[in-house]
Amino acid sequence: LAVPDEARAETLLKEAALISAEDAAIQLAAVPLPPPADLRVGGDGTAVQLAWRLAPGHDADTVYAVRRTTQSRPLNAPTEGEQVQRDRGDTCTDPRAPVAQPVQYAVFAVGDGRPASRPATVSVTQLPPVSQLKAEVAPATVTLFWSAHPDARVEVTRAAPGAAPAPVQVTGSSCQVSGLTEGQLQRFEVTAIYIGLDGAELRSAPEHISATPRAEARPISTLRARPVGSAGAIRVRVT
C-alpha cells in the first residue's frame with residue numbers, strides 16, 4: 001500500500017487468506033481499489049470523450065465516478081469537483097465541458113465495502129470548431145454558412161488558384177465573396193477563435209470547404225425529334 005500498488009496488495013491478501021480468511025478479509029476491506037488504467041481523452045471538438053481500461057480487481061460491477069474541475073489543484077476524492085458521470089463501463093462523454101480553459105478530469109473506481117481508488121487524471125482544453133459548414137454558389141458569388149459556439153469569433157480565409165490566402169469579412173454566422181470568376185475553384189478555411197484565461201487567442205482545428213461559382217443552367221435552345229427504323233421497329237430519335 002505504501003508503494004502504492006493496490007493490485008499487488010490485494011493479491012498478497014488473497015494468498016494470506018489461506019492462513020486466515022477472517023484476518024485477510026478485514027485487511028482487504030481497508031485496501032482501496034486500484035485506479036482505472038490507461039485513461040485517455042479524445043473527442044470531436046463538441047464533446048470530451050474519456051476512455052480507460054479496467055485495472056486488476058475490477059469487474060463488470062465496478063462503478064466509476066468521473067469528476068471535473070477548472071481549478072489547478074488536483075481532485076483527490078470522488079466527492080470533489082463537478083460530477084460528470086457515475087456508472088459502470090469504461091467510457092464517458094461530457095458534452096458540457098467548459099471551453100477555452102484547461103479542464104482536469106479525474107476517474108475513481110468505487111466498490112462496495114472498500115475505499116475508492118486513487119484518481120486517474122487527464123487534462124484537456126476544449127476548442128469546438130464550427131459545425132454545419134455549407135456553401136451556396138451563384139455565377140460570381142460564394143456564400144458560406146456555419147454554426148459556432150457562442151463564445152467563439154470566426155475567422156475565414158479564401159485561397160484561389162495561384163493566389164495567397166486572403167481574409168474574408170464575416171457577418172454573423174455567414175460570409176460572402178463576390179466578383180469571382182465563374183468556374184474557378186475557391187478554397188475556404190473556417191476557424192473558431194476563443195479568448196483564453198490569460199487573454200491569448202486560442203484557435204480551434206480549422207474546417208475546410210471548396211466551392212466553384214457557377215451560373216444557373218439554361219434550358220436547351222433547340223429540340224428535334226424524328227422517326228428512325230431500328231431492328232425492324234420504328235423508334236424516335238431526340239436531339
Side-chain angles (χ1 to χ4, degrees), residues 38-52 66-75 80-85 91-107 119-138 140-181 184-213:
D38 191 25
L39 178 61
R40 305 175 303 282
V41 64
D44 57 3
T46 61
V48 172
Q49 296 173 347
L50 303 174
W52 56 88
V66 182
R67 314 288 293 193
R68 74 173 180 219
T69 182
T70 56
Q71 304 298 318
S72 57
R73 66 178 185 85
L75 299 175
E80 297 179 355
E82 298 178 80
Q83 178 168 296
V84 179
Q85 177 177 294
T91 61
C92 172
T93 299
D94 183 9
R96 295 181 295 276
V99 302
Q101 57 181 309
V103 180
Q104 179 188 169
Y105 287 88
V107 183
T121 61
V122 68
S123 295
V124 63
T125 299
Q126 182 80 336
L127 302 171
V130 300
S131 60
Q132 303 177 35
L133 179 61
K134 63 179 182 179
E136 292 184 358
V137 298
T141 303
V142 173
T143 305
L144 301 184
F145 301 91
W146 60 81
S147 178
H149 191 279
D151 294 340
R153 172 176 66 85
V154 176
E155 178 181 278
V156 180
T157 58
R158 174 181 67 92
V168 177
Q169 183 175 354
V170 172
T171 303
S173 297
S174 67
C175 68
Q176 185 178 83
V177 183
S178 303
L180 301 175
T181 302
Q184 187 177 76
L185 180 68
Q186 307 290 323
R187 293 185 172 88
F188 297 88
E189 182 178 278
V190 185
T191 307
I193 300 176
Y194 300 84
I195 303 300
L197 297 177
D198 59 356
E201 288 190 350
L202 303 174
R203 305 172 69 87
S204 74
E207 296 293 322
H208 298 90
I209 191 171
S210 298
T212 302

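One-based numbering along the sequence shown. It should be emphasised that the depicted structure is a prediction, and the values quoted were computed from it without experimental measurement.
Closest heavy-atom contact between L144 and A135: CD2-CB, 3.6 Å. The two atoms that bring L127 and R203 nearest to each other are CD1-O, 3.4 Å, heavy atoms only. Residues A148 and V154 come closest through the heavy atom pair CB-CG2, 3.8 Å. Nearest heavy atom pair, residue V177 against residue F188, reads CG2-CE2, 3.9 Å. Closest approach of P128 and S204 over heavy atoms only: O-CB, 3.8 Å. Residue G81 comes nearest to R67 through the heavy atom pair O-NH2, 2.8 Å, listed as atom of the first residue, atom of the second, then distance.
Taking 4.0 Å as the cut-off between side-chain N and carboxylate O, R153 and E201 count as a salt-bridged pair. Salt bridge E80/R73: present, at least one basic N to carboxylate O contact under 4.0 Å. We find that R40 and D38 are joined by a salt bridge, their nearest charged nitrogen and carboxylate oxygen being less than 4.0 Å apart.
Within the 4.5 Å cutoff, the side chain of T91 has no heavy atoms near those of the L50 side chain.
The structure places CD of Q85 at 9.0 Å from CD of Q83, a figure rounded to the nearest 0.5 Å. Expressed to the nearest 0.5 Å, how far OG of S173 lies from CD of Q132 amounts to 10.0 Å. Here L133 contributes atom CG and H208 contributes atom NE2; the two are 10.5 Å apart, rounded to the nearest 0.5 Å. With rounding to the nearest 0.5 angstrom, the CG atom of L185 is 4.5 Å from the OG1 atom of T212. A distance of 13.0 Å separates CD in Q104 from CZ in R68, rounded to the nearest 0.5 Å.
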Pair C92, Y105 - check side-chain contact (heavy atoms from CB on, under 4.5 Å), show working. CA-CA 11 Å; C92 172; Y105 287 88; over 6 Å; no
side-chain contact (heavy atoms from CB on, under 4.5 Å) evaluation trace for V130 with F145: CA-CA 10 Å; V130 300; F145 301 91; over 6 Å; no
Evaluate R158 against L180 for side-chain contact (heavy atoms from CB on, under 4.5 Å), listing each step before the verdict. CA-CA 11 Å; R158 174 181 67 92; L180 301 175; 3.7 Å; yes
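Within a 6.0 Å sphere centred on CD of Q101, other residues, nucleotides and ligands contribute more than 12 heavy atoms.
In this view, W146 satisfies the ring pair (Phe, Tyr, Trp, His ring centres under 6.0 Å) rule with no residue, not counting sequence neighbours.
Side-chain atoms of T143 and Q176 form a donor-acceptor pair, as typed in the model, at a separation below 3.5 Å.
V84 pairs in a side chain to side chain contact (heavy atoms under 4.5 Å, CB included) with only one of the listed residues (T93, D94, V48), which is D94.
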